[in-house]
Asks: 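After the structure tokens below, expect a handful of questions from me.
Computed over heavy atoms, backbone and side chain alike; hydrogens, waters and symmetry mates excluded. If you're wondering where the values come from, they're calculated on a predicted model, not measured in any experiment.
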Amino acid sequence: MKNTSTGGGRTRAVIYCRISQDRTGAGLGVDRQREDCEKLAERNGWDVVEVYVDNDVSAYKKGSKRKDYQRMLGDLEDGIATVVIAWHTDRLHRSPTELEKYIDLSERRGIATHTVQAGTIDLATPSGRMTARILGAVARQESEHKGDRVARARRQKAIAGEWTGGIRPFGWGVPTGETRTKVNKQTGEEYEEPVLDMSKAVPEEKEAVAHGTDLIIAGGSIRGYKKWLKDKGYVTTLGNEFSHQEARAILLRPRNAGIAVYKGEEVGRGQWEELVPEPKFRAVVAILEDPARTTTPGAQPKWLGSILFRCGRGDCPEFVYVTQSGGRKYPSYRCQTGHGGGRRAEIVDQYVEDVIVERLSRPDAHDLLLSAPDIVDVSGLQAEAEQIRQRMRDLGGLFGAGDLELVPFTEGMETARAQLEGVTKQLARAATRDPLVGLVGAPDVRKAWKALELEQQRNVLRALVTVTLKTPRPGRMPDGGYFDYDAVVFEWKR
């Protein structure tokens, strides 16, 4: 509850304190402001009836919410006080729009503003308002310069391949053995936090990223990777279970391959341990960002041939899917058009598996493998990519200094980006893998097939054969076990 009693007709005052960055959470900057403001009130014989505090809130950042500042304006409108005390004018405002509203309120309610550092600001006079506006403009310029300095420092760190701060990325951060004191923002209690070396990989997290990378290259899915992370007990650096989007995101980070990024642009090599080779990273990006890749975190096929096996009824060009509708006892493959007939999905899938395993178990199965891509000069391509990035940085520097016109700058950057895209595609080729690798030549092909997740099995099917389900011959055994295997037609692609 506000103390609005002043006694003896003394002047009623309020104090406003704000600090934009409270890095420790201790509120020490705000406490110092408050102490200085209280001393100013004591020297002038004012009664402080309320103190408003916005801790760790910027007055300059667009969209920032200063709850206590807004509360103060409402109270001043209601006549709580006639004096506002702040440590400096820039604690009150860094926005011209905010300042003008405050000036209007001060004029209407007869409010005087006093600061510890800048003295009295008489907003009732033209000269006082001019002073406030000048101080506000200076404060805003300081904020803009500070923002520019921070942005430049981060960019320079990124270009130099240094860690630019933020939440610890999954994969890096080995304890150095040192600690630093932190303060819990909720409780105010101090605790010791280990200092991490962000250039070194956490072995088990490196293994997790490498496994996911290899899984995707081998035809696996993000769904399968997410399940693997959960089964192995991996969590995010914030301690949460990986979502589908988070599992995908950690495989798409250029940082994994030792590549530094600033504002979405690759700017060079990082000064940290890579988790996977760059060709593998490029291959994963090519796979996961392929527009033709029709996978979602939602519904996913549960059967080998869903939307892969073709309907062979007459000249029907559609694919089949699995349904158990219409009172059927077993899940069955049926055409997307809905015309008659159905094939028991469990039996069809097992038969297709048997045929594929038998084909891949033959002595000549190695002939089915695709020829390996031409030998790719990985180190040469990486060096070429770095030269292109440096050229892009040089173009940006010339344009920023006014030594290059917009048209040649734009043309030069477009050419460089096109060249860089070509290099990254070549690097991706170095890690391409035939879906049949791992099956051909395996001591037990069926065991190797069973070890694949469903999406990998479906990739083998896509690469190796087209299966068409023709109309079966009529006939049924007494136990219902009749199945026309001849109506399952295989058209080998290799």
Asks: Please name the pair of heavy atoms, one in Ala41 and one in Val48, separated by the smallest distance, quoted to 0.1 Å.
Replies: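 Closest heavy-atom pair between Ala41 and Val48: CB-CG2, 3.7 Å.
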
Asks: Whether the side chain of Arg248 engages the backbone of Leu288 through a donor-acceptor N/O pair (distance < 3.5 Å, no angle test) should be reported.
Replies: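 At least one qualifying donor-acceptor pair exists.
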
Asks: If I compare all heavy atoms of Leu196 with all of Gly173, which pair ends up nearest, and what's the gap?
Replies: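 Closest approach of Leu196 to Gly173, heavy atoms only: CD2-O, 3.7 Å.
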
Asks: Within the distance-only criterion (no hydrogens, no angle test), does the side chain of Glu77 pair as donor or acceptor with the backbone N or O of Leu105 below 3.5 angstrom?
Replies: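 Flag not set: sc Glu77 to bb Leu105 has no pair under 3.5 Å.
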
Asks: When you measure from the side chain of Arg168 to the backbone N and O of Trp172, does any donor-acceptor pair fall under 3.5 Å?
Replies: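 Side chain of Arg168 to backbone of Trp172, a donor-acceptor pair under 3.5 Å: yes, one is there.
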
Asks: Provide the full list of ring pair (Phe, Tyr, Trp, His ring centres under 6.0 Å) pairs with a residue in residues 388-421, sequence neighbours left out, each pair given once.
Replies: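 Passing the test, one end in residues 388-421: Phe399-Phe409.
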
Asks: Determine whether Phe319 and Gln336 make a side-chain contact, defined as any pair of heavy atoms from C-beta on separated by less than 4.5 Å.
Replies: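 Side-chain contact under 4.5 Å: yes.
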
Asks: Determine whether a donor-acceptor pair (N or O, by modelled atom type, separation under 3.5 Å) exists between the side chain of Asn459 and the backbone of Gly220.
Replies: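 Looks like no, no N/O pair under 3.5 Å.
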
Asks: With no hydrogens and no angle check, is any side-chain donor or acceptor of Asn44 less than 3.5 Å from a backbone partner on Leu40?
Replies: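 Yes; at least one donor-acceptor contact below 3.5 Å.
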
Asks: For a side-chain contact (heavy atoms from CB on, under 4.5 Å) check, start with the C-alpha distance between Trp228 and Leu215, then their side-chain angles and the critical distance, and finish with the verdict.
Replies: CA-CA 10 Å; Trp228 182 87; Leu215 179 67; 5.6 Å; no

Asks: About how many Å separate OH of Tyr16 and CG of Leu73, when rounded to the nearest 0.5 Å?
Replies: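 With rounding to 0.5 Å, CG (Leu73) is 9.0 Å from OH (Tyr16).
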
Asks: State the CG-CD1 distance between Leu252 and Ile222, to the nearest 0.5 angstrom.
Replies: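 Nearest 0.5 Å value for the CG-CD1 distance: 7.0 Å.
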
Asks: Are Asp36 and His88 side-chain neighbours, meaning at least one heavy-atom pair lies under 4.5 Å?
Replies: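 Side chain of Asp36 against side chain of His88, heavy atoms only: no contact under 4.5 Å found.
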
Asks: Ring centroid separation for Tyr69 and Tyr52, is it under 6.0 angstrom?
Replies: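 No - the distance between ring centres of Tyr69 and Tyr52 does not fall below the 6.0 Å cut-off.
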
Asks: Closest approach of Asn256 and Ile250, non-hydrogen atoms and distance?
Replies: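 Heavy atoms only, the tightest pair is ND2-O, 2.6 Å.
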
Asks: Please list, one pair per line, the donor and acceptor atoms closer than 3.5 Å that link side chains of residues 303-310 to other protein atoms, with sequence neighbours excluded.
Replies:
residue, atom, partner, partner atom, Å
Arg310, NH1, Pro317, O, 3.4

Asks: List the steps, then state whether salt bridge (charged side-chain N to carboxylate O under 4.0 Å, His left out) holds for Glu273 with Lys206.
Replies: CA-CA 10 Å; Glu273 181 182 350; Lys206 178 179 181 179; 2.9 Å; yes

Asks: Can you check whether Glu278 reaches Arg269 side chain to side chain, under 4.5 Å on heavy atoms?
Replies: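 Yes - at least one pair of side-chain heavy atoms lies under 4.5 Å apart.
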
Asks: Locate the shortest heavy-atom distance separating Gly258 from Trp272; write the atom from each residue and the value.
Replies: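 Minimum heavy-atom separation between Gly258 and Trp272: CA-NE1, 3.5 Å.
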
Asks: Kindly give the heavy-atom pair with the smallest separation between Ala86 and Cys37, and that separation in Å.
Replies: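 Distance-wise, the nearest heavy atoms are C-SG, 3.6 Å.
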
Asks: Between Tyr234 and Phe170, how do the two ring planes meet: parallel, tilted or perpendicular, split at 30° and 60°?
Replies: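 The rings of Tyr234 and Phe170 stand perpendicular, inter-plane angle above 60°.
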
Asks: Does Leu92 form a side-chain contact (heavy atoms from CB on, under 4.5 Å) with Met72? I'd like the steps, not just the answer.
Replies: CA-CA 11 Å; Leu92 279 169; Met72 180 184 72; 4.0 Å; yes

Asks: What are the two closest non-hydrogen atoms of Arg71 and Val51, and how far apart are they?
Replies: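 Heavy-atom minimum between the residues: NH2-O, 4.1 Å.
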
Asks: Please report the C-alpha distance between Leu76 and Arg109 in whole Å, then the side-chain angles of each, then the deciding distance to 0.1 Å, and finally whether the side-chain contact (heavy atoms from CB on, under 4.5 Å) criterion is met.
Replies: CA-CA 8 Å; Leu76 292 174; Arg109 295 301 180 190; 5.8 Å; no

Asks: Other residues, nucleotides and ligands only: do more than 12 of their heavy atoms fall within 6.0 Å of CD on Glu192?
Replies: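 Result for CD/Glu192: enclosed.
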
Asks: Does the side chain of Lys230 come within less than 4.5 Å of Phe242's, by heavy atoms?
Replies: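 A side-chain contact is absent here, since even the closest heavy-atom pair is not under 4.5 Å.
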
Asks: Would you please say whether a donor-acceptor pair under 3.5 Å links the side chains of Glu455 and Ser221?
Replies: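 No, no side-chain donor-acceptor pair sits under 3.5 Å.
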
Asks: Can you list the steps and then say if Arg282 with Ile259 is a side-chain contact (heavy atoms from CB on, under 4.5 Å)?
Replies: CA-CA 11 Å; Arg282 299 295 184 189; Ile259 301 167; 3.3 Å; yes

Asks: Distance check, rounded to the nearest 0.5 Å: Lys227 atom NZ versus His244 atom NE2?
Replies: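 So the NZ of Lys227 and the NE2 of His244 are separated by 15.5 Å.
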
Asks: Just wondering, do Lys232 and Glu207 contact through their side chains at under 4.5 Å, heavy atoms?
Replies: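 No - every pair of side-chain heavy atoms lies 4.5 Å or more apart.
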
Asks: Under the rule for side-chain hydrogen bond (donor to acceptor under 3.5 Å, both in side chains), what residues qualify as partners of Asp197, not counting sequence neighbours?
Replies: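 Only Ser199 meet the side-chain hydrogen bond (donor to acceptor under 3.5 Å, both in side chains) criterion with Asp197.
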
Asks: Got a sec: does the CD of Glu491 have more than 12 other heavy atoms crowding it under 6.0 Å?
Replies: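 Counting other residues, nucleotides and ligands, CD of Glu491 stays at 12 neighbours or fewer.
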
Asks: Do the side chains of Asp104 and Glu100 get nearer than 4.5 Å, heavy atoms only?
Replies: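 Sidechains of Asp104 and Glu100: no contact.
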
Asks: If we count only N and O atoms by modelled type, under 3.5 Å, do the side chains of Thr120 and His114 hold a donor and an acceptor together?
Replies: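 Distance-only check passes for Thr120 and His114.
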
Asks: Can you tell if the side chain of Met392 reaches within under 4.5 Å of the side chain of Arg417, non-hydrogen atoms only?
Replies: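 Yes; the side chains approach each other to less than 4.5 Å.
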
Asks: Taking Tyr225 for the side chain and Ala208 for the main chain, is one N or O donor matched with an acceptor at less than 3.5 Å?
Replies: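 Such a contact is found between Tyr225 side chain and Ala208 backbone.
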
Asks: Please report the interatomic distance NE2(His211) to CD1(Ile216), rounded to the nearest 0.5 Å.
Replies: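 Spacing of NE2 (His211) from CD1 (Ile216) equals 9.0 Å.
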
Asks: Short question: side chain of Lys226, backbone of Glu241 - any donor-acceptor pair under 3.5 Å?
Replies: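 Checked: no pair found.
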
Asks: Do Arg34 and Glu38 pass the salt bridge (charged side-chain N to carboxylate O under 4.0 Å, His left out) test, and can you show the C-alpha distance, the side-chain angles, and the key distance before you say yes or no?
Replies: CA-CA 6 Å; Arg34 179 172 181 166; Glu38 287 175 341; 3.1 Å; yes

Asks: With a 3.5 Å distance limit and no angle check, can you tell me whether Gln456 reaches the backbone of Glu453 through a side-chain donor-acceptor pair?
Replies: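 Confirmed, Gln456 side chain pairs with Glu453 backbone.
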
Asks: With rounding to the nearest 0.5 angstrom, report the CG to CD distance, Leu420 to Gln387.
Replies: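 So the CG of Leu420 and the CD of Gln387 are separated by 12.0 Å.
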
Asks: Counting N and O atoms only, with roles assigned by atom type, does the side chain of Trp87 sit under 3.5 Å from a partner on the main chain of Arg32, one being a donor and the other an acceptor?
Replies: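 Not a single qualifying donor-acceptor pair exists.
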
Asks: Is Leu454 close to Arg458 at the side-chain level, that is, under 4.5 Å between some pair of heavy atoms?
Replies: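 Touching, per the 4.5 Å side-chain cut-off.
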
Asks: Report the distance from atom CG of Leu452 to atom CG of Leu439, rounding to the nearest 0.5 Å.
Replies: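 That separation rounds to 5.0 Å.
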
